[in-house]
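Here is the structure we will look at.
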Number of protein chains: 2
Amino acid sequence: MMNVQFKKGVLNLCVLALLDCQDRYGYELVQMISKRIEVSEGSVYTLLRRLTKEGYFETYLKESSEGPPRKYYRLTIAGQAYLQDLLAEWRTFTESVNELIGGDGKDE
Amino acid sequence: MMNVQFKKGVLNLCVLALLDCQDRYGYELVQMISKRIEVSEGSVYTLLRRLTKEGYFETYLKESSEGPPRKYYRLTIAGQAYLQDLLAEWRTFTESVNELIGGDGKDE
DNA sequence: ATTTAGTACTGCACAAAGAACAGTACCGTA
DNA sequence: TACGGTACTGTTCTTTGTGCAGTACTAAAT
């Protein structure tokens, strides 16, 4: 199956990025991410709780016609800043890795 | 500092890829990887021991004129296959993430 | 001759984060 | 009223990178 370890930290980035466009609720995020990368519910909810505790999200409840009330997550200012940091890191990181695995055994 | 979690599993891929061209010794791998991404010696050596135990590397010692003998690592057949798997996974994974963070909130 | 710096490897205790799983609860339908 | 889908909580387990201490060899500086 999909490499578990690749996901460490990246899930973080994905959730933040998805919340940058609009507020979303947990189950919705699980569905959206699962379409592209395998992820368990537990991971996403755990992450949402953690980042909320760290001040990157604010939450509010809203009732749903098709089940229990949904907890929506909204990026805080800190969350937006964190997202920008992670985005930049992700880009330079993947670039670095691609250079490393690109095959050129150059010293420089 | 660099995001620790991004590295999970990727270090694995980097080491395998670097060994695909030629045999290398541990310290050399640490130096090569450190040029691009921050990594501690402990991580690389731990990983080398683990992958060796799992049959992806064979090792041999060779003396050095500038210090203690070096332990060289060579990819086994299993190691080459594993590398190909990881490479493919890495490519589809980064593609998926880039789509997710790319901003299109599309359902499909 | 002894110290110091660079090279090179070993091994362990620790922390972070995702996975698996069980549990709670609401809603609509058969 | 039993089932399946929606929606969230919480705990335990595993993997993997980190930090640190330790060993040991070589060469240059004091």
Side-chain angles (χ1 to χ4, degrees), chain A residues 1-16 23-34 36-54 56-57 59-73 82 86 89 93 96-97, chain B residues 1-16 23-34 36-54 56-57 59-73 82 86 89 93 96-97:
Chain A
M1 283 287 90
M2 174 171 276
N3 189 315
V4 175
Q5 303 302 324
F6 284 171
K7 291 178 231 173
K8 303 265 168 148
V10 178
L11 213 49
N12 226 303
L13 169 63
C14 292
V15 168
L16 282 156
D23 300 357
R24 299 185 190 277
Y25 55 97
Y27 194 76
E28 184 185 11
L29 289 164
V30 173
Q31 303 304 315
M32 291 184 76
I33 296 172
S34 298
R36 310 279 191 183
I37 63 184
E38 278 173 52
V39 71
S40 67
E41 281 200 325
S43 308
V44 178
Y45 285 119
T46 302
L47 180 154
L48 288 169
R49 281 194 289 270
R50 185 171 63 239
L51 293 189
T52 302
K53 209 172 77 183
E54 291 170 8
Y56 298 122
F57 301 144
T59 64
Y60 55 95
L61 286 174
K62 210 160 138 184
E63 292 192 21
S64 160
S65 57
E66 38 195 335
R70 295 164 170 171
K71 184 183 273 192
Y72 280 79
Y73 294 82
Y82 185 39
L86 278 184
E89 273 191 61
F93 178 74
S96 299
V97 171
Chain B
M1 282 285 88
M2 172 170 276
N3 191 312
V4 175
Q5 303 302 323
F6 283 170
K7 292 178 230 174
K8 302 268 168 150
V10 177
L11 214 47
N12 228 304
L13 169 63
C14 291
V15 168
L16 282 156
D23 299 357
R24 300 186 191 276
Y25 56 98
Y27 194 77
E28 183 185 9
L29 290 164
V30 173
Q31 304 303 316
M32 292 183 75
I33 297 172
S34 298
R36 311 279 191 185
I37 63 183
E38 277 173 53
V39 71
S40 67
E41 281 200 325
S43 309
V44 177
Y45 285 119
T46 301
L47 178 157
L48 288 169
R49 283 193 287 272
R50 186 170 64 238
L51 293 190
T52 302
K53 211 172 76 181
E54 290 171 8
Y56 298 122
F57 301 144
T59 64
Y60 54 95
L61 286 174
K62 210 159 135 183
E63 291 189 22
S64 159
S65 56
E66 39 193 337
R70 295 162 169 172
K71 184 183 273 191
Y72 280 81
Y73 293 82
Y82 185 38
L86 279 184
E89 275 191 59
F93 178 74
S96 300
V97 172

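Every chain is numbered from 1, with letters handed out A, B, ... down the list of sequences.
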Under 4.0 Å between any heavy atoms, over every strand shown, what does [X] touch: base, sugar-phosphate, or nothing? Just pick one.
X: Leu48(A); value: nothing
X: Val44(B); value: nothing
X: Val39(A); value: sugar-phosphate

Could you check Tyr27(B) against Thr46(B) and say which one's nearest nucleotide on DNA chain C is further toward the 5' end?
Tyr27(B)
Taking for each residue the nucleotide of DNA chain C bearing the nearest heavy atom, is the 5' side occupied by Pro68(A) or by Gly42(B)?
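Checking each residue's closest nucleotide, the 5'-ward one belongs to Gly42(B).
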Of all residues at least two apart in sequence or in a different chain, which pass the ring pair (Phe, Tyr, Trp, His ring centres under 6.0 Å) check with Tyr72(B)?
Tyr25(B), Tyr60(B)
Partners of Tyr82(A) by ring pair (Phe, Tyr, Trp, His ring centres under 6.0 Å), sequence neighbours excluded?
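Here the qualifying residues are Tyr56(A).
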For the residue pair [X] and [Y], what are the closest heavy atoms and their distance?
X: Lys7(B); Y: Glu38(B); answer: NZ-O, 2.7 Å
X: Ile37(B); Y: Ser96(A); answer: CG2-CB, 3.6 Å
X: Thr59(A); Y: Lys71(A); answer: CB-CG, 3.9 Å
X: Asn12(B); Y: Arg50(B); answer: ND2-NH2, 4.1 Å

Let me spell it out: for each of Glu28(A) and Arg50(B), pick the nucleotide of DNA chain D with the closest heavy atom. Which residue's pick is nearer the 5' end?
Glu28(A)
Mapping Tyr72(A) and Lys8(A) onto DNA chain D by nearest heavy atom, which one lands closer to the 5' end?
Tyr72(A)
Under the salt bridge (charged side-chain N to carboxylate O under 4.0 Å, His left out) rule, collect the residues that match up with Glu63(A), sequence neighbours excluded.
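Not a single residue meets the salt bridge (charged side-chain N to carboxylate O under 4.0 Å, His left out) criterion with Glu63(A).
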For Glu28(B), the salt bridge (charged side-chain N to carboxylate O under 4.0 Å, His left out) test, sequence neighbours excluded, returns Arg24(B)
Quick check for you: name the first and last nucleotides of DNA chain D, 5' to 3', having an atom under 4.0 Å from a heavy atom of chain B.
dT16(D) to dA27(D)
Could you list where the contact with chain B starts and ends along DNA chain C, reading 5' to 3', using a 4.0 Å heavy-atom cut-off?
dT7(C) to dA17(C)
